[in-house]
There are 2 protein chains.
Amino acid sequence: MATQSARRTQAERTAETRARIMDAVVECIADVGFGRATASEITRRAGVTWGAVQHHFGDKDGILRAVLEDSFERFAERLEGMPGTGASVNERVDAFINCAWSHFGSADYQSTFEILLQVERARAPGDLPTWQSGMSKEWSRIWRAAFADARLSRRESLALQRYTVSVLTGIASMRVIGGGGQRRPDAELDLLKDALSRSLQGQA
Amino acid sequence: MATQSARRTQAERTAETRARIMDAVVECIADVGFGRATASEITRRAGVTWGAVQHHFGDKDGILRAVLEDSFERFAERLEGMPGTGASVNERVDAFINCAWSHFGSADYQSTFEILLQVERARAPGDLPTWQSGMSKEWSRIWRAAFADARLSRRESLALQRYTVSVLTGIASMRVIGGGGQRRPDAELDLLKDALSRSLQGQA
DNA sequence: CCGCTTCCATAACGATTGCAATGGAAACCA
DNA sequence: TGGTTTCCATTGCAATCGTTATGGAAGCGG
């Protein structure tokens, strides 16, 4: 099978190697945690050597940043298909949260989250926070598009957005530190949806 | 000054050395992040040598666990002084969340949280999750004492508790990965309080 | 078919890590 | 006051980390 590997274009080889390395990083962190996701462990899982990593990503921080950007990108793509102002507020909230949770609740995001924490703590004081530079703008744009008809001040809207992100992040975090959170946090998500629907409809 | 140090009881020496080491761990993680909180950096900040750490805590994991336990303990103590069922639900919710946030929002908790993530990922599959073994019981007991009069099923009560912890954890997490969160998240906390008050009073 | 570039494996390197072993000073107990 | 225990500094070590330098194989353009 796949003995075509003797005949592949450079672009194909590059794409596959990059994907294998990035997948290995995510899988490795998910399995043994960030602290034990060493360079040798990553290369072992990816089935490549460190030379390959060096060629494509430069150094270890390079892979981590690439994984983060990839995660942000796929999240933004996922959010694109949100229903417009045609549907009811409740329906839009439901779709939005479900979609967002399909990202925050994914196994991959647990790894991304650990990378995010680690990279963020190593950030130079002058640089923009990783979340803000990578995700905040997309998130905010899509949010405004989905809930453009809500009668909220800019301040109120931002607070709601921050609350949403915080809750999703928190539920995801608890799955890590709380351990056995294989259970789907439907109750928590429902509480979040209620709060959103109520606030977006101006019910103080 | 403090040349009294030539005359101190063993218990005093022990207490001070332990406190200095644990404080150094927290301070170190808060400053440079868990990844760079190495043994030498910790001992440098504490003004002791590794021998002292080894004597009191055994190994590095020992310090981390001690810091976690200490954090849990102080949190439980803080929660003890909650008003009983005399006050109104709104007042109790307000006091409870303010008190809980004074823990989750503290600078120390950021370090604790990073330790928690790291230790949890290194946990053996059979062991209890750190949060559950260290904090869940106390939390649940105090919660039930504070809101004993709420007409909620056990399932609903647990969901509310989990939601509360998730939101607080999430807000705290966003301060780390979002960077500039020196701002007090009053708006988010208000949204949480509203959800709690409403649910505890049975307003579907 | 052949130079050239891209891609990746191999094999070292220096720096750090956390830990074990030993020794001595201070505090306690009699 | 002398023996014992507690406390902690020192030193050395094995392991491992991430990185760099170099060489060769695979695809590409002429």
Side-chain angles (χ1 to χ4, degrees), chain A residues 2-25 28-29 31-67 114-115 118-119 121-123, chain B residues 2-25 28-29 31-68 114-115 118-119 121-122:
Chain A
T3 323
Q4 278 185 326
S5 63
R7 274 297 166 188
R8 281 184 310 173
T9 185
Q10 297 272 46
E12 284 172 344
R13 297 210 313 172
T14 295
E16 184 188 331
T17 302
R18 284 181 64 100
R20 284 177 62 175
I21 293 173
M22 291 170 68
D23 287 349
V25 170
C28 184
I29 293 179
D31 275 6
V32 299
F34 186 94
R36 302 188 184 279
T38 70
S40 66
E41 182 67 20
I42 290 169
T43 56
R44 192 183 63 78
R45 288 171 184 259
V48 298
T49 63
W50 186 253
V53 178
Q54 177 183 336
H55 177 70
H56 288 290
F57 303 101
D59 57 1
K60 196 178 182 183
D61 285 339
I63 335 172
L64 300 181
R65 271 173 303 185
V67 171
E114 293 192 48
I115 298 175
Q118 218 61 31
V119 170
R121 297 312 304 272
R123 174 176 58 88
Chain B
T3 323
Q4 277 185 327
S5 61
R7 272 300 164 187
R8 281 184 309 173
T9 186
Q10 297 272 46
E12 284 173 344
R13 297 209 316 170
T14 295
E16 184 188 329
T17 302
R18 283 181 65 100
R20 284 178 62 176
I21 292 174
M22 292 170 67
D23 287 348
V25 170
C28 184
I29 293 179
D31 274 5
V32 299
F34 187 94
R36 301 187 184 278
T38 69
S40 65
E41 182 67 19
I42 290 169
T43 55
R44 193 183 62 78
R45 288 171 184 258
V48 298
T49 63
W50 185 253
V53 177
Q54 182 179 335
H55 176 71
H56 287 290
F57 302 100
D59 57 2
K60 194 178 184 184
D61 286 339
I63 334 172
L64 301 180
R65 271 174 299 176
V67 171
L68 284 186
E114 292 191 48
I115 298 175
Q118 218 61 31
V119 169
R121 298 310 305 271

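Just so it is clear: chains get the letters A, B, ... in the order the sequence lines come, proteins before strands, and each one is counted from 1. Below, each value reflects all heavy atoms present in this structure, side chains not excepted, and no hydrogens, waters or symmetry copies. Source: prediction; values computed, not measured.
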For residues 52-62 of chain A, which side-chain donor-acceptor pairs fall under 3.5 Å, sequence neighbours excluded?
unit_1	atom_1	unit_2	atom_2	d
A:Asp59	OD1	A:Gly62	N	3.1
A:Lys60	NZ	A:Ala37	O	3.1

Strictly below 4.0 Å, heavy-atom distances to any atom of DNA chain C: list the hits from residues 31-38 of chain A, or just say none. none

Given atom CD of A:Glu16 and atom P of C:dT6, what is their separation to the nearest angstrom? 20 Å

In whole Å, I'd like the distance from the CD1 atom of B:Ile21 to the P atom of D:dC8. 7 Å

How many whole angstroms separate atom CZ of A:Arg20 from atom C1' of C:dC7? 14 Å

Tell me the interatomic distance from B:Ile42, atom CD1, to C:dT16, atom C1', rounded to whole angstroms. 14 Å

Could you tell me the separation between the CZ atom of B:Arg44 and the P atom of C:dG18, rounded to a whole number of Å? 14 Å

Please work out the stems of DNA chain D from pairs that are Watson-Crick or G-U wobble with both distances under 3.5 Å, keeping only runs of three or more consecutive pairs. C:1-6 with D:25-30, C:8-23 with D:8-23, C:25-30 with D:1-6

Would you please confirm or rule out a distance under 4.0 Å between OP1 or OP2 of C:dC7 and any side-chain N or O of A:Thr17? no

Atom pair CZ/CD1 of A:Arg18 and A:Ile63 - distance to nearest 0.5 Å: 10.5 Å

Not counting sequence neighbours, which residues clear salt bridge (charged side-chain N to carboxylate O under 4.0 Å, His left out) with B:Arg20? List them please. B:Glu16

State the CD-OG1 distance between A:Glu12 and A:Thr17, to the nearest 0.5 angstrom. 11.0 Å

Between C:dG18 atom C1' and B:Leu64 atom CG, what is the distance in whole Å? 12 Å

Just to verify, what does A:Thr14 make a side chain to side chain donor-acceptor pair (under 3.5 Å) with, not counting sequence neighbours? none

Which residue pairs satisfy the salt bridge (Lys or Arg N to Asp or Glu O under 4.0 Å) criterion with at least one member in residues 31-56 of chain B, sequence neighbours excluded? B:Glu27-B:Arg45, B:Asp31-B:Arg45, B:Glu41-B:Arg44, B:Glu41-B:Arg45

Does any part of the side chain of B:Leu68, heavy atoms only, come nearer than 4.5 Å to the side chain of B:Leu64, both counted from C-beta? no

Sorted by number, the residues of residues 47-61 of chain A with heavy-atom contact under 4.0 Å to DNA chain D: A:Trp50, A:Gln54, A:Asp59, A:Lys60

Output all residues satisfying side chain to side chain donor-acceptor pair (under 3.5 Å) with B:Thr38, sequence neighbours left out; order by chain, then residue number. B:Ser40

